[in-house]
Each structure stands twice: as structure tokens, then as C-alpha cells.
Amino acid sequence: MGSVPRTLELFYDVLSPYSWLAFEVLCRYKNIWNVSLQLQPTLIGGIMRDSGNQPPAMLPRKAVYMRSDVRLLSQHLQVPIHFPKDFFSVILKKGSLTAMRFLTAVKMEHPEMLEKVSRELWMRVWSRAAEKAGMSIEQAQELLKRVSTPQVKNQLKETTEAACKYGAFGLPITVAHLHDETHMLFGSDRMELLAYLLGEKWMGPVPPAVNPRL
Amino acid sequence: MGSVPRTLELFYDVLSPYSWLAFEVLCRYKNIWNVSLQLQPTLIGGIMRDSGNQPPAMLPRKAVYMRSDVRLLSQHLQVPIHFPKDFFSVILKKGSLTAMRFLTAVKMEHPEMLEKVSRELWMRVWSRDEDITEPPSILAAAEKAGMSIEQAQELLKRVSTPQVKNQLKETTEAACKYGAFGLPITVAHLHDETHMLFGSDRMELLAYLLGEKWMGPVPPAVNPRL
């Protein structure tokens, strides 16, 4: 294709199962559509504070709905998500600050590893299986040291502010930079609309050119 | 097809633009998939009260987002939605009680007209920025849908009867029992399980659950022009 790839920015947090769904679909399509996928590690807690929103799980009926919604989407999108039993009591409370600073450091130092390490973290929180991301021990130790440096803290803050400037009230958001307009799309369920805006083909959440097994 | 059609219940309120989007997509697919579409006029205000939720538009960033989201979906799904000038007044002040009671009465007396009358009410409030709360407004929608003025006036009289009020209340309670915290909800009754799907953006997932083909929001067997 002769034309310039359109940039898609995916702002995500590993605390968010819908972020994982959006991530996997976009990772499949980045090799099919004429796009350049930029992964943006973001702090969902910061988005909530800045927008005045609250996690959907705080409303009882939404919490119930999320469990079955995520289960069905997990099957349909072929992403191995299992809602941890203690999600609300443990994971939501603990938050994702360290994980997202870690990913921010990965992006700054080893951007080619960002996709794999993000997936590894989602697997740890949201899946029964823990898998290796292929990062050496030394690299991991170095990165953990950097997590609390001002540079990494500031970068995560800036990325989160950028998402807020795009109008985010939650995550994931996909920002599509078309030739003449920019669109912010919220959630994991605007991918077919994204294809339409890009003038690309939608072949469902598991397109044929991809091996869905993670 | 030899097998029994699966029932899809669509709980909707004409105040909700996403309800209109879900409605149109399901109306297109009801003639393609092996399903039976049951339209359920529901009161979104009742859902909000019962679930402790609030309309998304109450959060400033969601209100901003809704405008562009609805505009893009309107194009993609080919449904002529245009935001009313005074959105907050229409949605939060004026509401839809009379309109949804009227549709309840239509469903009880002339169910074959329910789809058309629902569409005409959406066209008024969500396409042409016209009122749907006053009797002449409701009569105009009914007539545009093909009802005679006599039929429409008869149904309008029924709107304040206990039967119609109770029926709308029961339908709203049924949606709450399915777990609704907003509208639209689509309840899919499969052979061995029932699924409640929220929003207008679970239709491809619905196709997957039904074992049917998804051909996008404007499938070929249909003339998209409304």
C-alpha cells in the first residue's frame, strides 16, 4: 500500500478486562489494516479521578453484568479472561500503579517488548495461566528499579493526562488519527465502527490471518 | 428452517438513542435470523430509579462523548439520529411517560402497529427534534405510522387507565429482574440458556450466541432507507 499508515493510539490499563479485549483485537488487525498501533500505558485510577467517574463495578447491577459480559466476550473474542473471584476485594483495592509504571518504563527502554509484557501482566491478573514474556531477569530487575524514578512517574502522568484531554472517562480508549479528523472511541466494542472510519474491512474479532491462540 | 425460532425480547424507551439503534438492527435481522422479535416498551426512568444508576449524560465527559458516538453510529448504522437542541430538557425534564404508555397500549390492542409507531416516535424526538409529550404529538406519530385518527384517539384515552399503567410497570420490572441498569437490553432465549445483553453494541456477539451470521449493521437483504 502506498499511503501513509493511520496512527491508532490505544490507552489501556491492565486492571481493565475490556482493555485486554481491545488490545488483542487491535494487535490482530495491526498486521491487516494500514495502521500503526501505538500502545499507551495509562492509569485508569487517574482517569476516574480526573473525570469524576467511578468504576462501573461500584454499581451492583453493573458488577453482576460485567461478569457475564466479560465471560461471553472472552469466548467470542478468544481471549482467556476469567474474572478473579476476589477481584473487587483484592485487585481493585490494590490497583495498578506499579504495573502501569513498569509498562511505562518498558515503553521508554524496550518498546519492542511492550506488547508481550502487557499481555503477560493481563495473564497474571485475569487468566489462570502465567506465562513467560521472554524478558531476561537482568532486564526485569533494572526495570523494577526504574519504576519509582521521576521520569517514569511523570511519563505515566503525562500519558494519563493525554487520555483525559481526548475526553476519556474510562479505559480503554482508541484514538484514531485519520487524514482529516481524529476520533476517540471508548470501549472494546467500537472496532467494527473503527474499521468503517478507516475504510478497512471488518472480519470479526478473530480475523483469518491470525492464530488466535495466545 | 425446521427448528423453533429463538425469542429475542428488546426492552426499549424512545427517549434512548441507543435503543433506536438496537431496534433498527434487530428489525433488519428478524427477517434473516431464525428468531422471533418481541418488542417491550419500557420506562428508562424506572430502570434508573430501581438500579440506583443515573443517565450517562449526567457526567460531563460522557455527555460530550455521547454526541460524537451517536453521530458516528448514526452514519455507520444508517439511522437518521440528530441530537435535539435542548437535549437536557428533552431527556431529563420532559421524559417519555405518556409516549411509553401509548406504546404499551398499542402493544396491547394493535401489536402489528408497534414497530411502526415506535419508529415514528423516535423520528420525532431523535431525528426532527419534535415533541413527544403532548397528545397532538403522539397522535401525529400514530397517524404517520398508518393508524386512523379514531384508532389513535382510542388508544390515547387508554393511556391513563390502570391496565396500561400497570402493564408498563410490569414490563419495566421484568427488565429490572433481568438485571437491567439502563436501556436498551436484548434478552436472548436460547434453547438451554438465557442471556441479557446491554446496549446497541452486542449484536455481533448475539449472532455468535445464536449461531447465526453477522453481516454488519446494514445486512444486504434489507433496504436501509427509513
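As the structure is a computational prediction, the values presented were derived from the model and not from experiment. We name chains A, B, ... by the order of the sequence lines, and we start the count at 1 in each one.
To the nearest 0.5 Å, the span separating CG on B:Asp69 from CG on A:Leu193 amounts to 7.5 Å. Distance check: A:Arg190 CZ to B:Leu73 CG gives 4.5 Å after rounding to the nearest 0.5 Å. The line from NE2 of B:His76 to CH2 of A:Trp202 is 10.0 Å long, rounded to the nearest 0.5 Å. Rounding to the nearest 0.5 Å gives a distance of 8.5 Å between CE of B:Met196 and CZ of A:Arg61.
Enclosure of atom NZ in B:Lys144 is not indicated, since only 12 or fewer non-hydrogen atoms of other residues, nucleotides or ligands lie within 6.0 angstrom. Counting heavy atoms of neighbouring residues, nucleotides and ligands inside a 6.0 Å radius, atom CE of A:Met58 does not exceed 12 of them. Within 6.0 Å of the NZ atom in B:Lys116, the count of heavy atoms belonging to other residues, nucleotides or ligands does not exceed 12.
Only the side chain of A:Leu59 comes within contact range of chain B, with at least one heavy atom under 4.5 Å from a heavy atom of that chain. With a 4.5 angstrom heavy-atom cutoff, A:Leu197 touches chain B only via side-chain atoms. Proximity to chain B involves both the backbone and the side chain of A:Asp189, based on heavy atoms less than 4.5 angstrom apart.
Put simply, the side chain of B:Tyr65 never gets that close to the backbone of A:Gly167: no donor and acceptor are under 3.5 Å apart.
Scanning all heavy atoms of the two residues, the minimum distance from A:Pro205 to B:Glu204 falls at CD-OE2, 3.7 Å.
In terms of heavy-atom pairs under 4.5 Å with chain B, the best-connected choice from A:Ser68, A:Ala168, A:Gly187 is A:Ala168.
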Requested in this report: Assess whether side chain to side chain contact (heavy atoms under 4.5 Å, CB included) is satisfied between A:Lys62 and B:Phe198, documenting all intermediate values.
Outcome: CA-CA 10 Å; A:Lys62 283 192 188 182; B:Phe198 168 70; over 6 Å; no
